[in-house]
Visitor: 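Structure provided below as structure tokens; questions to follow.
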Protein chains: 2
Amino acid sequence: MTARISYTLADVATRAGVSEITVSRVLRNKASVAEKTRERVLAVVREMGYVPNRVAGTLASSGSNLVGVVLPSLSNIVFPDVLRGIHAALAPSGYQPVVGVTDYDQEIEEQLVASLLSWQPAAMILSGLHHTSYTVEMLRRAGVRIAELMDIDATPLDIAVGMSHHRAGIDTARYLHGRGYRRFGYVGHDRSRDLRAARRYEGLRQGLAEAGLSLEGEIAAAAPSSTSAGRELLGQLLAAHRDLDVVVFSNDDMAVGGAFHCFAAGIRLRDELALFGFNGLDIGQALPQPLSTLRSHRFLIGRTAAEMILEPRGADARPVIRDTGYDIIEGETA
Amino acid sequence: MTARISYTLADVATRAGVSEITVSRVLRNKASVAEKTRERVLAVVREMGYVPNRVAGTLASSGSNLVGVVLPSLSNIVFPDVLRGIHAALAPSGYQPVVGVTDYDQEIEEQLVASLLSWQPAAMILSGLHHTSYTVEMLRRAGVRIAELMDIDATPLDIAVGMSHHRAGIDTARYLHGRGYRRFGYVGHDRSRDLRAARRYEGLRQGLAEAGLSLEGEIAAAAPSSTSAGRELLGQLLAAHRDLDVVVFSNDDMAVGGAFHCFAAGIRLRDELALFGFNGLDIGQALPQPLSTLRSHRFLIGRTAAEMILEPRGADARPVIRDTGYDIIEGETA
DNA sequence: CTGTTAGCGCCTTCAG
DNA sequence: CTGAAGGCGCTAACAG
């Protein structure tokens, strides 16, 4: 490996017998350049393997093609799905995501936002609508488009793309009540960090209350959601509450674990115990009995957000909310 | 939202009554600055909400804190796991991953590498050991550390971190042969794109051949791996080959789908049909009967690679191979 | 301990 | 259609 030898515009210009700015124009398809000149320059560029230095370009033109992306986690497939959507929409326009992961910690988010903003990104994409006040301050100052994903239950700084988790909780209660279930249990994960799971939980309780019902048993791990946690917790919950007829899980990972518990314990899904999840993951739908759940549109959320931030902001500074909704998947477990 | 008002070092310097370079030194904990000066400067920085412009910093110092990361896919949990490992090792040192996704296409990889290199990254992380010649050319020229992940079956440009997929295939054959299985089936996914799956497949066949055996039945989808594909394909395979006693899957996603097929068809795992996967995903281990499989160390691969690229390259330009190995998980399905 | 000088590589502006 | 001059915001190198 040789030492870093990178050519500059000047090198290319010299070899092509033109000025730097002409090379620059050719590479950016700017202004008018004679066809002959353009061809000569391009030939030299290819021959030298010249790669423009975007750092310099960004400094000179004060505009980068980077988009800061701050996600809470990469541990289950949900946020990678969102990131795929973001990438799908950004790639064709030549934008690059710069990713940070907060582990659901707002202090880490604050540092990441500072760090990402220091790269003068063209836009920022975050998760959720709650941030430290300094984070909000920095984002406001940055003067770029900002998308806040997943959640639309509060007012965004600029753009919110996602669904109402509160309503999802209510609709879950209504749906299951409508199917005749009356004795509800709940299996959850760490709600203090996953605020959207908390909101669904509240919605669920509200929906049950409207029907004159309440949770007869509930259990939650302090840990993040996982299939194994769902499996164990359902076992514990059923040990304490034998008469439940349906259990709602904080998400599909947990619910699939619950289904595994039932397989192992010989509990017939739906006939003996109904299960309901959240997210609509492939794994739940591939179960012998497809999981009854609520499908969030994660890829769509990412793609829509990325499309929206690339559009210039209008003069009127009104926040925009884009509801990507959700679908109830009937499945065969509830 | 106000227009982009970003303060510069000069603004801070003026307000603090010092020169730019002093502010710069304070912010970078460089050289010696009087404690009093330092405090005053920091107070002003916080008060103004000043965020340094790293684009300018990078241009001036010709060294960024960005690390280019090129991954083939984000569709299953494998590469997000790798990315988590990368992030875990980079974050404490203040490095930021810039992510690109190739969808297993070397042409796209080439474009991404060019685009990422234009940001003068401190290092590059790619997947696999096969790239277009122009990609290799650009990487060589860049003069930064380069890690190639997942695979160690060929010589890397600089650093390879991963495992031998060929040996994994052989060991799978030996292990299952040792357990007494003789009638092998295989369920795979698109091998033309996923070269590592192809290498495991070849290893499996070689291992079987050494034992005087061969695959009695096999089936592969042209699609990427998924639980649903595994479920369907196993059904098809068994319809054509009723006498198999073990089926090896291209990975755990597929194998879990296979397990689901068995649940639904009333086939007793291991007693009637053994299943074997690859990756050691949580989902497989949470099955009522934990999946027998081979654990790859994805998080470790990412973390190790990120640690290694942060170390300066020695004078001797010898490629380094770090074998993160794999473990056989006995499980209860084979 | 602090400041001055000169760029980093490119793009904007203004002339030809 | 092409070029020259100047500066983006920061930091290395060298004074004091």
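Every chain is numbered from 1 and lettered A, B, ... according to where its sequence line falls, protein lines coming before strand lines.
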Visitor: In plain terms, say whether B:R145 and B:E311 are close enough for a salt bridge, that is, a side-chain N and a carboxylate O under 4.0 Å apart.
Guide: no
Visitor: Nearest to the side chain of A:S24 - D:dT11, C:dT2, C:dC11?
Guide: C:dC11
Visitor: Among D:dC10, C:dG9, D:dT11, which nucleotide sits nearest the side chain of A:T8?
Guide: C:dG9
Visitor: Testing the 3.5 Å rule here: is there a donor-acceptor pair between the side chains of A:Q120 and A:T58?
Guide: no
Visitor: Atom NZ of A:K36 to atom C1' of D:dT2: distance rounded to whole Å?
Guide: 16 Å
Visitor: I need the CZ-C1' distance between A:R25 and C:dT13, as an integer number of Å.
Guide: 10 Å
Visitor: Between A:E35 and B:A10, just flag the one whose closest nucleotide in DNA chain D comes earlier from the 5' side.
Guide: A:E35
Visitor: Can you tell me which nucleotide in C:dG3, D:dG9, C:dT12 comes closest to the side chain of A:S61?
Guide: C:dT12
Visitor: Just to be sure I understand the rule, does A:I21 reach a base, reach only the sugar-phosphate, or reach nothing, if contact means heavy atoms closer than 4.0 Å?
Guide: base
Visitor: Hey, is the main chain of A:Q106 close enough, under 3.5 Å, to the side chain of A:T132 for a donor-acceptor pair?
Guide: no
Visitor: What is the distance, rounded to the nearest whole Å, between atom CG of A:N29 and atom C1' of D:dC1?
Guide: 16 Å
Visitor: Quick one: which of C:dT2, D:dC10, D:dG9 gets closest to the side chain of A:L59?
Guide: D:dG9
Visitor: Tell me whether A:R84 at atom CZ has more than 12 heavy atoms from other residues, nucleotides or ligands lying less than 6.0 Å away.
Guide: yes
Visitor: Using atom CD of B:E20 as one end and atom P of C:dT5 as the other, report the distance to the nearest whole Å.
Guide: 13 Å
Visitor: Rounded to the nearest angstrom, tell me the gap between atom CG in A:L117 and atom P in D:dG9.
Guide: 16 Å
